[in-house]
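Just so it is clear, the structure is predicted and the values come from calculations on it, not from any experiment.
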Amino acid sequence: MTICDLKKGERATVLRVETDELLKERLRMLNISTNRDVTVLKVSPFGKTFLLGAGSATVALRREIANAIRVFRA
């Protein structure tokens, strides 16, 4: 399951991030990394962008990136 499978208001724990190391590091700086909780705050029309709450950060991700983040629904 990925972030794209979650609906607005759902919370999940990140299992792994399946991207290159540069993007992994950038996401890690935004509190999106293994064993961290994320909450879907909003999904844009047609599911092209996801607004996430990750710790104290609010992060917008494109579908391509959100699809590379494996999660476990809490």
Side-chain angles (χ1 to χ4, degrees):
M1 165 181 281
T2 68
I3 288 178
C4 294
D5 299 316
L6 300 174
K7 294 182 174 90
K8 180 181 175 183
E10 287 188 310
R11 181 179 214 152
T13 302
V14 176
L15 296 176
R16 67 182 176 273
V17 180
E18 299 173 341
T19 65
D20 60 79
E21 289 302 315
L22 182 62
L23 184 54
K24 276 185 191 179
E25 183 59 31
R26 191 176 295 168
L27 290 170
R28 196 174 301 121
M29 285 188 253
L30 296 169
N31 293 325
I32 299 174
S33 60
T34 304
N35 296 323
R36 294 285 193 131
D37 288 337
V38 294
T39 303
V40 178
L41 303 175
K42 189 173 183 180
V43 180
S44 71
F46 307 110
K48 294 200 176 226
T49 307
F50 294 81
L51 187 65
L52 304 176
S56 61
T58 302
V59 182
L61 298 177
R62 290 179 303 178
R63 181 182 241 331
E64 297 81 22
I65 297 170
N67 206 29
I69 301 171
R70 301 285 174 200
V71 296
F72 174 75
R73 194 176 333 187

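Screening K24, E25, R28 for a side-chain contact (heavy atoms from CB on, under 4.5 Å) involving V17 leaves a single residue, K24.
Atom CG of N67 sits about 11.5 Å away from atom CG of L61, to the nearest 0.5 Å. Rounding to the nearest 0.5 Å gives a distance of 11.5 Å between CD of E64 and CG of L23. Atom CZ of R36 and atom CG of L27 lie 12.5 Å apart (nearest 0.5 Å). Atom OG1 of T39 sits about 8.5 Å away from atom CG of L52, to the nearest 0.5 Å.
Pairs of residues two or more places apart, or lying in two chains, that qualify as salt bridge (charged side-chain N to carboxylate O under 4.0 Å, His left out) and include a residue from residues 1-10 are E10-R73. Each side chain to side chain donor-acceptor pair (under 3.5 Å) pair with one or both residues in residues 47-59, not counting sequence neighbours, would appear here, but there are none.
Taken together through direct or relayed side-chain contacts under 4.5 Å among Ile, Leu, Val, Met, Phe, Trp and Tyr, V71 and L15 form parts of separate hydrophobic clusters. Clustering ILVMFWY residues whenever any of their side-chain heavy atoms sit less than 4.5 angstrom apart, transitively, puts L30 in a cluster other than the one holding L41. I32 and L51 are assigned to two separate hydrophobic clusters, defined by single-linkage of ILVMFWY side chains at heavy-atom distances under 4.5 Å.
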Criterion side-chain contact (heavy atoms from CB on, under 4.5 Å) on R63 and F50, from CA distance to verdict: CA-CA 7 Å; R63 181 182 241 331; F50 294 81; 4.2 Å; yes
Please test T13 against D37 for side-chain contact (heavy atoms from CB on, under 4.5 Å), starting from the C-alpha separation and ending with a verdict. CA-CA 4 Å; T13 302; D37 288 337; 2.7 Å; yes
Test side-chain contact (heavy atoms from CB on, under 4.5 Å) on V38 and V59 and set out the steps. CA-CA 10 Å; V38 294; V59 182; over 6 Å; no
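Residues D20 and L22 share a closest heavy-atom pair of OD1-N, 3.1 Å. Nearest heavy-atom pair, V14 versus S33, reported as atom, atom and distance to 0.1 Å: CB-O, 3.3 Å. Taking every heavy atom of both residues into account, L6 and A12 meet most closely at CD1-CB, 3.7 Å.
Residue-environment remark: CZ (R62) stays at or below the threshold of 12 foreign heavy atoms within 6.0 Å.
Every salt bridge (Lys or Arg N to Asp or Glu O under 4.0 Å) that E18 has, sequence neighbours left out, goes to R16, R70.
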